[in-house]
Amino acid sequence: MTSDLYSKGLKIETKEDNSPVSNGDLKVNELITNKIKELTPNIPVISEETVDIKIKNTAKIFWLIDPIDGTKEYIAGKDEYTLNAALVINTVPLLGLVGVPKKNRLFFTYGPGESYLIEEEKTSKINCKKKQPKGQIVALSSVLKPSDVILNKLKEYKVNSIVKMASSYKFCVIATGEYDIYAARERANEWDYAAGHAIAQNAGAIIKTLDEKPFLYGKEDYKNPSLLIKRAENLND
């Protein structure tokens with residue numbers, strides 16, 4: 001469906017925060033929202049594309065949707081954009097679904113120890129098991145040049161290479177064990193992280209803020225604190 005919109009030509013507008021939105025974002029938003037409302041009519045759905053930031057979130061149980069995370073990637077025809085939905089219960093994202101259309105990967109989770117990847121029509125359980133060679137600790141970054149704060153944090157974990165990657169796909173490839181760590185300063189909103197967070201955490205990843213506080217959801221203004229995702233306590237295991 002996202003590729004169908006490409007062939008017809010994407011319509012792109014700029015939102016109030018100067019970020020782009022395409023008719024692809026809006027169509028995916030409509031499809032996911034309608035399906036969730038059908039399944040759980042009594043649970044509020046908060047989506048990046050329809051949320052009113054001026055209204056404070058007071059719900060304890062709610063869905064968070066980011067129809068297309070990495071809209072710039074999507075518009076540019078790149079392959080790291082994702083489709084995201086998560087169910088948050090009492091500050092913790094427990095259910096999560098992240099689709100990565102251009103990579104033909106679908107990640108989902110429905111509880112601790114229950115994270116999965118569907119790829120090439122096979123479903124496999126994922127558990128953060130290291131895929132890099134021993135001694136090789138690879139970090140992910142959403143920018144080409146991470147700040148000194150982030151570089152210093154990565155040094156603490158003896159990181160020896162950094163790969164740039166967009167979107168919530170970062171959470172998913174830590175969950176599979178393909179990469180080891182991701183650190184970020186305060187950025188983005190809860191819907192950008194929640195689904196990937198659920199998948200990685202339920203696969204065994206350790207997710208906190210940079211100062212080792214719990215990373216919680218359901219804040220009135222939806223703003224994310226800083227973030228540190230580790231595949232395991234010891235990144236060489």
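The closest side-chain heavy-atom distance from P101 to Y81 is below 4.5 Å. Proximity of I150 to L210: side-chain heavy atoms (C-beta onward) are separated by under 4.5 Å at one or more points. With a 4.5 Å cut-off on side-chain heavy atoms, Y179 and R231 do not count as touching. Contact annotation: the side chain of L87 never approaches that of I36 to less than 4.5 Å [non-hydrogen atoms, C-beta and beyond]. Residues V45 and I65 have side chains in contact (heavy-atom distance under 4.5 Å, counting atoms from C-beta outward). Within the 4.5 Å cutoff, no side-chain heavy atoms of V173 are placed close to those of Y182. For the pair D237/K130, no side-chain contact is recorded, criterion being any heavy-atom separation below 4.5 Å from C-beta on. Looking only at side-chain heavy atoms (C-beta outward), V98 and R105 stay at 4.5 Å or farther from each other.
Checking side-chain atoms of D69 against main-chain N and O of S168 turns up a donor-acceptor pair under 3.5 Å. E190 contributes a side-chain N or O that, together with a main-chain N or O of G218, makes up a donor-acceptor pair within less than 3.5 Å. The backbone N or O of N84 lies less than 3.5 Å from no partner atom in the side chain of T82, so there is not a single donor-acceptor pair. Using a distance-only test at 3.5 Å, with no hydrogens or angles considered, no donor-acceptor pair links the side chain of S115 to the main chain of I126. With hydrogens and angles disregarded, a donor-acceptor distance shorter than 3.5 Å links the side chain of N202 to the backbone of L94.
The residue from V28, V100, L97, L31 that alone fulfils the side chain to side chain contact (heavy atoms under 4.5 Å, CB included) condition with L83 is V28.
Under the 30°/60° scheme for interplanar angles, the aromatic rings of H197 and Y217 are found to stand perpendicular.
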Run the numbers on D221 and K56 for side chain to side chain contact (heavy atoms under 4.5 Å, CB included), then give the verdict.
-> CA-CA 6 Å; D221 64 357; K56 292 176 178 176; over 6 Å; no
Could you go through the side chain to side chain contact (heavy atoms under 4.5 Å, CB included) check for L140 and Y169 one step at a time?
-> CA-CA 10 Å; L140 294 170; Y169 189 49; over 6 Å; no
Apply side chain to side chain contact (heavy atoms under 4.5 Å, CB included) to D66 and N189, showing your working.
-> CA-CA 10 Å; D66 189 352; N189 294 294; over 6 Å; no
Going through the distances and angles, do Y193 and I229 end up as a side chain to side chain contact (heavy atoms under 4.5 Å, CB included)?
-> CA-CA 11 Å; Y193 286 3; I229 313 176; over 6 Å; no
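For the atom pair K164 NZ and L144 CG, the distance stands at 5.5 Å (nearest 0.5 Å). To the nearest 0.5 Å, atom OG1 of residue T176 and atom CZ of residue F171 are 13.5 Å apart. L151 CG to K145 NZ: the interatomic distance, rounded to the nearest 0.5 Å, is 11.0 Å. The CD1 atom of I68 sits 12.0 Å away from the CD atom of E73 when rounded to the nearest 0.5 Å. Considering CG of N236 and CD of Q132, their distance stands at 11.0 Å, rounded to 0.5 Å. Atom CG of N104 and atom CD of E119 lie 8.0 Å apart (nearest 0.5 Å).
Heavy atoms only, all atoms of each residue included: P67 and E49 are closest at CG-CG, 3.7 Å. For the residue pair A166 and K170, the shortest heavy atom distance occurs at C-NZ, 3.7 Å. Between C128 and G204 the shortest heavy-atom distance is SG-C, 3.9 Å. Contact detail for A194 and P93: the closest heavy-atom pair is O-CB, 3.5 Å. Heavy-atom minimum distance, Q136 versus S161: NE2-OG, 3.6 Å. When all heavy atoms are compared, the tightest approach of P146 to I162 is CG-CD1, 4.3 Å.
Linking Ile, Leu, Val, Met, Phe, Trp and Tyr residues whenever their side-chain heavy atoms come within less than 4.5 Å places I53 and F62 in a single cluster. The cluster map of Ile, Leu, Val, Met, Phe, Trp and Tyr, joined by side-chain heavy atoms under 4.5 Å apart, puts I207 and I174 in the same cluster. Note: the hydrophobic cluster containing L95 does not contain L64 (ILVMFWY, side chain heavy atoms under 4.5 Å, direct or indirect links). By the criterion of side-chain heavy atoms lying less than 4.5 angstrom apart, applied directly or through intervening Ile, Leu, Val, Met, Phe, Trp or Tyr residues, L235 is not grouped with L227; the two fall into different hydrophobic clusters. The same ILVMFWY cluster, assembled from side-chain heavy atoms under 4.5 Å apart, contains both Y110 and I61.
Ionic pairing of K102 and E80 is not present here: no N-O contact between side-chain nitrogen and carboxylate oxygen is shorter than 4.0 angstrom.
Residue K131 qualifies as enclosed at atom NZ: its count of foreign heavy atoms under 6.0 Å is above 12. Within a 6.0 Å radius of NZ in K219, more than 12 heavy atoms belonging to other residues, nucleotides or ligands are found. No more than 12 heavy-atom neighbours from other residues, nucleotides or ligands sit within 6.0 angstrom of NZ on K158.
When the side-chain hydrogen bond (donor to acceptor under 3.5 Å, both in side chains) test is applied to E233, the partners found at least two apart in sequence or on another chain are K230. For T209, the side-chain hydrogen bond (donor to acceptor under 3.5 Å, both in side chains) partners two or more places apart in sequence, or in a different chain, are D211.
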